Amino acid sequence: MAESSTLTGAIRDIVQRHGGMPTRLLQILRDVQDRLTWLSPETLERVAEEIGISPNKVRSVAEFYSFLYTAPRGRYDILFSDNITDRMLGNRQLLHYLCDRLRVGVGKTRADGLVTVGTTSCTGMCDQGPAALVNGYTLTRLDKSRLDCIANLIESRIPLTEWPREFFEVYSNIRRADILLGRHFADGSALRATQKRGPDAIMEEMVKSGLRGQGGAGFGSANKWLSCRNAYGDVKYVVCNADEGEPGTFKDRVLMQDFADLVFEGMTLCGRIIGARQGFVYLRGEYRYMLNALKATLQQRREAGLLGEAILGDPSFNFDIEIHLGAGAYVCGEESALIESLEGKHGVPRIRPPFPTTHGYLNKPTVVNNVETFATAAKIAVEGGDWFASRGTAYSKGTKLLSVSGDCERPGIYEYPFGVTVNRVLEDCGAHNAQGIQMAGPAGHTISAKQFHRLICFEDLATGGSFMVFDQSRDILDGIRNFAHFFVHESCGFCTPCRVGTSLMRDLVDKVHTGHGTLYDLEEMRKLGRIMQVSCHCGLGQTAPNPVLDSLQEFPEAYERRLRSTAYEPAFNLNQALEEARQLTGRHDPGAYLNDEDLLVGVMP
Amino acid sequence: MSEEHSFTLDGRRIPFQDGQTVMQAALEAGVYIPHLCFNPEFTPHGSCRVCLVKVNNRMQAACTTPAADGQTVQSETEEVRDIRRGILQMLFVEGNHVCPACEKSGACQLQAVAYYVGMLAPHFKHFYPRRPVDASHPEAVIDFNRCILCELCVRASRDVDGKNIFAVEGRGIQAHLVVNTPSGQLGATNFSIHDKAAQVCPTGSILTKHQGYNIPIGQRLYDRKPINIVGDVAQLSESLGGRRHD
């Protein structure tokens, strides 16, 4: 009784701290879970009661996000980042090493409830992996000695605040700076320029700049702003997409960590131009470690008159920014899913049209731009559109941040004018023996050396910034398999071809990878991939088959050398299917196996 | 007099009014585009993707694509049929759809659409998920094995019946239909077979008890005529064989 009233009290406090707003449901659930380690059915009922919404709405959110747990978790919750770059740095061995040390199974919670060890999608630390999260906080550069230390800290129940600081240190690794990262920016200068010249003049600079969405889709930023500016309605919103979930990209993390003022200034500028008073940063859950620092930066800006009421002393200029934290859902990088999530719902992409510029957050006109786009806009406001457009190519103006990782000597952030060749990037990062590149992440393109002369820009190789290098020692199919599993995990499940197709594709890739595939299966992959590309509801499903389709084209030998010579091989293993019967009957004589070869396979483990 | 809006669908001129989708305009003109999650009484959902058509050379869902003047829409082409068939096959392997043993056979929209797009076998590897059957309600049974996540029952219960009995939970391939009670049992709700939600299921997931074989298999709606002629079972009045799983 006493316990349940404490529970109610704790939940009530948290809900009240968030003003009881249903739009803050995801934030509320995160805070409640921080307090209770997991979200029991009873807890979810209480949250629903306190906010005054139906329990199934709360459950559907709790069930959707990877970092929300509806089953008990350990007090220490460790998730190894499982991107292919982490794997190339040996994360699987480390994962099993730690599990052995702590005597816990992968993905399991130890019986005493002390610790859970599992895996998660890319945490954006590809240049300093293998990485992991502990209770949501980033751990970098893991090795056995660090894990020994971590195992001891956990067994001794030492709180995270007393763990060695260097375990949590995140480097920026800026290797090449150009106009965005290289030139000094005085805080407030973009807003002062707007005050001096007027929003129309700055909008004109944006048009002249030719800036395109730096998240990768490349939609003209000025058009977006204009469309929202001209949209009907008094209430408008600015949303910064910092849900950098594409495996292999981490440039937004560096911008948020080192250049937050620039990003916030770009958002404020946008608010001024389109007539919005409220902005949101949707920060991916994996970047939680920087939340407090970002809040402090926002506070400093308010105190400096660059945010909040009467910005720069102008009583007609009011704009503030709130940070929402994601909870492990790649699909929320899609702008309409992100808006759903901001509204406190599960992140299923909306039907478009209408687009966010007319029907966005709470159905009001909304500009959603990537972190890099806002940062660049702030620079353009100061330096001018022509200055920006003097760099880059005919259809891709300015510069692009690349997140370089994988097999190279100097992984990190590289800023280049658009139009740089893949070869140049490889040279600069010290990748001497590259076999292939995963460009723009799993949703992008898999390219082999014969394409390294190509240009990085919207008219050739478009990218949001992920650049993962695979050298000659790697098996390309390991990467493709990793990506196929990634998409299964991240599909939202709304539309048929993505929900089912990603699983079918994973099974086909697994089948080939384990040496059971035939030419027939390769043809099946092509057909399935084609269906998904044209029929899925959103970009996630439409691009999910890309790594398979590209690599079939670019690296056919990676598949062919694993194929069986038969024309067809069943999808199930008959001998394996008999294993349960053998276990039950205790039979391990030759008669219990299909043939001699299987007998060998059967007794091996 | 303003000129009438129109687009072409497989060469045929289809008139439309502002705000209509390709699907709505086609239906009104009496042209069938196969669909499952779409039901003209509800806001388009766009999740099943069966109504895919090629609009000006780009595949789009007919149920969510606004009709526009001069659009060229292709529906009954080999290319479109191949993709629709693939999507139907995905739905069949995702759940456990055993038509010969299902009491909805012959009056099932999923089955009828599968026949319509020329699907003869599920083709893909079966998932064989383990899903329960809920017979706790005195008048109805829910067989989750046959659910295709069209959310028509979710929408009908929430928007028409005002009961909010159903929901979809979970992400990706884990997404599944749930009954909004602590026990998860339909018997614990105020669900009635007279609810709209009881009448919109395009598969055999939500069935009325005690009348499964009143009309013998072989004499049912889609046994007699294909779906493009008779339309959706949920749309037809009872006298014509709709609304009930005959």
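Being a predicted model, the structure only gives us computed values, none of them experimental. Here is the naming used below: chain letters follow the sequence lines, and residue numbers restart at 1 for every chain.
For B:H123, the part sitting under 4.5 Å from any heavy atom of chain A is the side chain, from C-beta outward, and nothing else. The part of A:P353 that comes within reach of chain B is its side chain, from C-beta onward, which places non-hydrogen atoms under 4.5 angstrom from that chain. For a residue to count as touching a neighbouring chain, one of its non-hydrogen atoms must lie under 4.5 Å from one of that chain's; by this rule A:N56 touches chain B with backbone and side chain alike. Of the two parts of A:Y65, only the backbone, made up of N, CA, C and O, holds a non-hydrogen atom closer than 4.5 Å to a non-hydrogen atom of chain B. Proximity to chain B is absent for every atom of A:P41, based on heavy atoms less than 4.5 angstrom apart. Residue A:Q533: no heavy atom, backbone or side chain, is found under 4.5 Å from chain B. For chain B, the nearby parts of A:A329 are the backbone and the side chain; heavy atoms of each come within less than 4.5 Å. Heavy atoms closer than 4.5 Å to chain B are found nowhere in A:T70, neither backbone nor side chain. Contact of A:C498 with chain B is not made at all, since no heavy-atom distance falls under 4.5 Å. Residue contact with chain B, scored on non-hydrogen atoms closer than 4.5 Å, is absent for A:L508.
Between A:H537 and A:F494, the ring planes lie tilted relative to each other; the angle falls in the 30° to 60° range. By the 30° and 60° cut-offs, the orientation of the rings of B:H35 relative to B:Y32 is tilted. Taking the six-membered ring where the residue is Trp, B:F92 and B:H97 present tilted rings, their angle falling between 30° and 60°. Between B:F7 and B:F16, the ring planes lie tilted relative to each other; the angle falls in the 30° to 60° range.
B:P122 and B:Q89 get closest at one heavy-atom pair: O-CB, 3.3 Å.
With chain B as the partner, the residue from A:V488, A:V534, A:I531, A:V348 showing the most heavy-atom pairs under 4.5 Å is A:V534. Between chain B and the options A:P497, A:S66, A:P55, heavy-atom pairs under 4.5 Å are most frequent for A:P497. Per-residue counts of heavy-atom pairs under 4.5 Å with chain B were compared for A:I351, A:T502, A:V61, A:D507; the largest is that of A:I351. Ranked by heavy-atom pairs shorter than 4.5 Å toward chain B, the options A:K57, A:E45, A:E524 are led by A:E524. Interface check for chain A: of the options B:V50, B:D82, B:I87, the most heavy-atom pairs under 4.5 Å are formed by B:I87.
Within residues 169-183 of chain B, the residues having any heavy atom closer than 4.5 Å to a heavy atom of chain A are B:E169, B:G170, B:R171, B:G172, B:I173, B:A175, B:N180, listed by residue number.
With A:R350 as the partner, the salt bridge (Lys or Arg N to Asp or Glu O under 4.0 Å) test is satisfied by one option alone out of A:E343, A:E335, A:E334: A:E343.
Contact annotation: the side chain of A:Q33 never approaches that of A:R73 to less than 4.5 Å [non-hydrogen atoms, C-beta and beyond].
Between the side chain of A:T514 and the main chain of A:D510, a donor-acceptor pair closer than 3.5 Å is present.
Sparse packing is recorded around CZ of A:R530, with 12 or fewer heavy atoms of other residues, nucleotides or ligands lying under 6.0 Å away.
Here the straight-line distance linking atom CZ of A:R284 with atom CG of A:L338 works out to 12.5 Å at 0.5 Å rounding.
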